[in-house]
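For reference, the structure is listed below as structure tokens.
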Amino acid sequence: MRGQLNKPFLCLMDITPIIDPLNSAQRQAVTHSDGNLLVLAGAGSGKTRVLVHRIAWLSQVEGLAPHQILAVTFTNKAAREMRERVYQLLGQAPRSMWVGTFHGLAHRLLKMHWRDAGLSENFQVMDADDQLRVIKRVYANLGLDTDRWPPRQAQWFINAQKDEGLRPRHVQVDDLFTGTMRQVYEAYESHCQQVGVVDFAELLLRAHELWLNHPDLLAHYRQRFRHLLVDEFQDTNAIQYAWLRMLAGDEARVTAVGDDDQSIYGWRGARIENIHQFGQDFSPVETVKLEQNYRSTATILQAANAVIAQNNARLGKDLWTQSEDGDVISLYAGFNELDEARFVATRIQGWVEAGHARGEVAVLYRSNAQSRVLEEALLRQQIPYRIYGGHRFYERAEIKNALAYLRLLVNRHDDTAIERVINVPTRGIGEKTLQRLRESAREHNESLWHVAQYAQDILPGRAANAVQGFVAMIDTLAQTTGDFDLWQTAEQVIGGTGLLDFHAREKGERGQTRVENLAELVNACRAYIPEDEAQPVLPQFLDAAALDGGERQADADEDAVQMMTLHSAKGLEFPLVFMVGVEENLFPHKMSVEEPGRLEEERRLCYVGITRAMQKLYLTFAESRQLHGVESYNPVSRFVRDIPSHLIEEVRLASSVSRPTSMGATGVSAQGGEPPPFGLGQRVLHGVFGEGVVLNFEGSGPHARVQVNFDAEGAKWLVLQYAKLQPV
DNA sequence: AAGTTCCGAGTTTTT
DNA sequence: CTCGGAACTT
């Protein structure tokens, strides 16, 4: 098979299907030979197509065997899609090709070389939720104050260090904070090591260290992989970049594809600079820009270009299209968020009545909190919708409980799993008992499971019986399910542990959905196809569940409006897009406006949002909005002002009363609230600070505050009641 | 040990 | 406002 691919393919292959469907820039990227390649791929410019065709080109024209190619992405979805499309193009499954996410590939390496990586054979991957629990456990052991040092902060700190490739010993301590965090990091690490669990960032760090510490292994993989391809390169963090660079060595060639204008994950360690660094570290690098957009109308594209043009430090691309101008962009100023949502629902209704599919519509928002009002509006109009993000299937409590039991069947010493379910359903093992077990475990340097065996010796009668009951139950389960199929095992576990009854007894609709979810888990087990037939199925399933959040396919068939955050919309496209809440303080988010760098990331997010739209784009905002329980008044987003006015048209519902609106200075009345006494943008006089311009309002009644940009003193928030402002 | 109430915080998220 | 966790009660 391998020999076959290497030689005769060169002359036998018909390369027309590989290069024919490409424009000249795409073709240049696909057929580039010698050295490394950086593809700067604008939104909708056929990035995935280039990657897929390049893989085909490498294997069929340059004669690389599938096993010599490694392609890495960020999401499982992207990895699946790439694999699928390569298959379609080549007509054969690229089985020996490594295609996966950074984490997936790292996991694969660690599974293969667990001993060299210093791990136990059946180490488990834990998600962010588990990680936080472990950190809290560590806090308790260290006697740290959770009020002074929030565990979430420690989690963030630890992940940030790992993303930078830093172990506790590398952490430079220069104040009490870093000192404490380093201490937590250290204790956390040793706990994970002892228990045999690995967090997401650890996968990458370990995989990197594996090669660092075992040059022989590195040499092996360097010899194997002749070509590396990286998708979404602008999203790589330091450790991912280091991993790639190490694997590439001096020999392998690298194709990196990315778009600096779509870098929106800086806040979680992604380094946009890696794109610049690539040119230096992987020299010589040829750069190809894909600038023709096949997705959007000219109007939408112009708007996107105008917004992103405000950013500095771009690599610079000029996206263009052959498409028609198309519809103008519509801007709607709602009275409040309810009005905004109603408008969106009405327009979607119109779209559907015009004969279009609901699935062609996306509603994009900056933060998840905005989704509820929109949901309610869609519900009222009976428009089916689907929300992306939020809790993913394998992150739901009931599913995680079931998985924890399954994990225990694989590894009894998985303390994280025991802690999770030893008293779920409640079986009389409370905090006190658990505390005793923990102490004993720590004292003997053993797992919770181990000390639970000796419950009789360390616990009072009733508690000891409860713990023994738990131990016996797990053992019995393991026995009965010994030669069960995966789904039978899952079913047995869900029933046998009392989990099903427990959730069924929960009051309200919640219990109902949880039971349904558990049934769904059994279905997922039925449908699961193990990667390696020769290995036990359960551990593989658990790894897959941990590494793939498990986007639910269940109701994917229904034709539904798609709702998601701007972040999760990256990579998708829709004929009709609503970008809602385009208001200052919401988008750009108020946490991001201070620092120029973060503001630029917000702007890129806006760029991503606009470029999702193919035919028609709506921008909506609310002149008054209930935020954290208080009424706030935000002016339209600065990003909207960046769009040339001839591309935008302001719309209103036929039924709306006329009122002063949006783009310029606005005095707005909120339904049920007190109208702000000054218009935004109005000049006012203050007894002490002098003259200024009204920028913003927040709250109502005695708490109402107003932000004024004083000519002499700059922007200040003032309590309206005391400020005694005079209109000028 | 389990259930209830109160308090405070509150971008974005994949793996 | 709405969720989650801590403190409090039963």
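Sequence lines set the chain letters: A, B, ... in the order given, protein chains first and strands last, and positions in each chain run from 1.
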Discussion item. Give me each pair satisfying salt bridge (charged side-chain N to carboxylate O under 4.0 Å, His left out) with a member in residues 151-162 of chain A, each pair once, sequence neighbours excluded.
Written reply: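 As it turns out, the salt bridge (charged side-chain N to carboxylate O under 4.0 Å, His left out) pairs with a partner in residues 151-162 of chain A, which skip direct neighbours, are Lys162(A)-Asp199(A), Lys162(A)-Glu202(A).
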Worksheet item: Looking only at atom P, what distance separates dT13(B) and dG4(C), rounded to whole Å?
Response: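 Per the computed distance, 16 Å lies between those P atoms.
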Mind calculating the distance between [atom1] ([X]) and [atom2] ([N]) to the nearest angstrom?
X	N	atom1	atom2	result
Leu109(A)	dT15(B)	CG	P	18 Å
Leu572(A)	dT14(B)	CG	C1'	14 Å
His107(A)	dT15(B)	NE2	P	14 Å
Trp267(A)	dT15(B)	CH2	P	13 Å
Phe393(A)	dT13(B)	CZ	P	20 Å
Asp231(A)	dT14(B)	CG	C1'	14 Å
Arg108(A)	dT15(B)	CZ	C1'	17 Å
Arg462(A)	dA1(B)	CZ	P	8 Å

Would you mind telling me which of [options] lies closest to the side-chain atoms of [X]?
X	options	value
Leu547(A)	dT13(B), dA1(B), dT15(B)	dT15(B)
Thr433(A)	dT12(B), dA1(B), dT15(B)	dA1(B)
Tyr265(A)	dA2(B), dT15(B), dT13(B)	dT13(B)

Please list, chain by chain and in numerical order, all residues satisfying side-chain hydrogen bond (donor to acceptor under 3.5 Å, both in side chains) with [X], sequence neighbours excluded.
X	result
Asn311(A)	Arg603(A)
Arg638(A)	Glu584(A)
Asn411(A)	none
Arg436(A)	none

Worksheet entry | Nearest-nucleotide 5' precedence on DNA chain B, Gly430(A) against Glu395(A) |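 Result of the comparison: Gly430(A).
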Discussion item. Both Thr426(A) and Met591(A) contact DNA chain B. Which one's nearest nucleotide lies toward the 5' end?
Written reply: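 So the residue in question is Thr426(A).
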Worksheet entry | ring-ring contact (aromatic ring centres under 6.0 Å, His included) partners of Tyr185(A), counting only residues at least two apart |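 Applying ring-ring contact (aromatic ring centres under 6.0 Å, His included) to Tyr185(A) gives none.
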Fill in: Tyr265(A) and His567(A) aromatic ring geometry - parallel, tilted or perpendicular at 30°/60° bounds
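Ring orientation, 0 to 90° scale: tilted.
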Fill in: Base-pairing string, 5' to 3', of DNA chain B - Watson-Crick or wobble, under 3.5 Å, | interstrand
||||||||||.....
Fill in: Any N/O donor-acceptor pair, Arg268(A) side-chain to dT12(B) base, under 3.5 Å
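A donor-acceptor contact between them is absent.
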Item to complete: Check whether the ring centres of Phe123(A) and His107(A) lie less than 6.0 Å apart, and answer yes or no.
Response: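 Between His107(A) and Phe123(A), which both carry aromatic rings, the centre distance is below 6.0 Å.
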Phosphate OP1/OP2 of [N]: any [X] side-chain N/O under 4.0 Å:
X	N	value
Asn368(A)	dT12(B)	yes
Thr565(A)	dT13(B)	yes
Asn423(A)	dA1(B)	no

Result block: side-chain N/O donor-acceptor pairs under 3.5 angstrom for residues 138-146 of chain A, not counting sequence neighbours:
from, atom 1, to, atom 2, distance (Å)
Tyr139(A), OH, Trp149(A), O, 2.7
Asp145(A), OD1, Asp147(A), N, 2.9

What nucleic acid atoms does [X] come within less than 4.0 Å of, heavy atoms only: base, sugar-phosphate, or nothing?
X	value
Asp235(A)	nothing
Ser592(A)	base
Glu202(A)	nothing

Discussion item. Tell me if a side-chain donor or acceptor on Glu337(A) pairs with a main-chain N or O of Gln626(A) at a distance below 3.5 Å.
Written reply: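 Flag set: sc Glu337(A) to bb Gln626(A) pair under 3.5 Å.
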Worksheet item: Can any side-chain N or O of Arg314(A) pair as donor or acceptor with the backbone N or O of Asp261(A) at less than 3.5 Å?
Response: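 Here the side-chain-to-backbone pair does not exist.
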Fill in: Reading 5' to 3' through nucleotides 1-10 of chain C, protein heavy-atom contacts under 4.0 Å coded B for base, S for sugar-phosphate only, - for none
BS--S-----
